[in-house]
Amino acid sequence: MTTLYHTTDAAQQILREGFRDAEGSYGLRVLTLRGVFLAVAPADINDGATGDNVLEVTFPDDIDLSDHAIAEEGRPQWEWCVPADLINRSATVRLLTEDKVDEARSGRHV
């Protein structure tokens with residue numbers, strides 16, 4: 001399984017209705033991306049994320065996310081922009097408690 005995280009202000013709406021694609025550069029100046037930003041650890045304001053809620057997004061082993069990786073020279077791989085449809089169809093999503101967010105952040109290797 002692959003577990004990634006999404007920081008948001010709209011956790012309850014996402015849990016009810018599913019993810020929706022957004023469009024943005026996510027820090028990249030040359031390329032506009034469309035999808036849902038996910039990371040190996042819960043992002044915070046220092047990473048450019050906004051929101052007080054963190055959703056854990058878990059994909060089964062047979063889902064290959066490599067085409068959705070955001071590669072930045074000189075940085076370890078930790079970001080993805082995944083189509084909302086793929087997440088809604090294939091992943092398990094749950095809202096994390098603050099303790100679980102802290103636990104997930106403590107394991108961050110970025």
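Below, each value reflects all heavy atoms present in this structure, side chains not excepted, and no hydrogens, waters or symmetry copies.
A donor-acceptor contact shorter than 3.5 Å is absent between the side chain of D21 and the backbone of P83.
Note that the CD1 atom of I63 and the CZ atom of R89 stand 7.0 Å from one another [nearest 0.5 Å]. For the atom pair E98 CD and D52 CG, the distance stands at 8.5 Å (nearest 0.5 Å).
Minimum heavy-atom separation, L55 to T8: CD1-CG2, 4.2 Å. Taking each heavy atom of A104 and A41 in turn, the nearest pair found is O-CB, 4.1 Å. Contact record, H6 with F37: ND1-O, 2.8 Å, taken as the closest heavy-atom pair. Contact record, V40 with Y5: O-CE1, 3.3 Å, taken as the closest heavy-atom pair. Of all heavy-atom pairs between L95 and A11, the closest is CD1-CB, 3.8 Å.
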Practice task
Applying side-chain contact (heavy atoms from CB on, under 4.5 Å), run through V93 and F19 and close with a yes or a no.
Solution key: CA-CA 10 Å; V93 179; F19 280 97; 3.9 Å; yes
Practice task
List the steps, then state whether side-chain contact (heavy atoms from CB on, under 4.5 Å) holds for L65 with L4.
Solution key: CA-CA 11 Å; L65 298 175; L4 301 171; 3.7 Å; yes
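Under the 4.5 Å side-chain criterion, counting only non-hydrogen atoms from C-beta, T7 is not in contact with V101. Between L38 and F59 there is a side-chain heavy-atom pair separated by less than 4.5 Å.
A 6.0 Å sphere centred on CG of D9 holds more than 12 heavy atoms belonging to other residues, nucleotides or ligands.
Counting only residues at least two apart or in different chains, salt bridge (charged side-chain N to carboxylate O under 4.0 Å, His left out) contacts with residues 53-62 comprise E56-R94.
A continuous path of Ile, Leu, Val, Met, Phe, Trp and Tyr side chains, each step under 4.5 Å between heavy atoms, connects L15 with V57, placing both in one hydrophobic cluster. Cluster membership for I14 and V54, using ILVMFWY side-chain heavy atoms within less than 4.5 angstrom, is not shared.
T97 meets the side-chain contact (heavy atoms from CB on, under 4.5 Å) test with D99, K100; sequence neighbours excluded. E17 pairs by the side-chain contact (heavy atoms from CB on, under 4.5 Å) definition with Q13, R20, not counting sequence neighbours.
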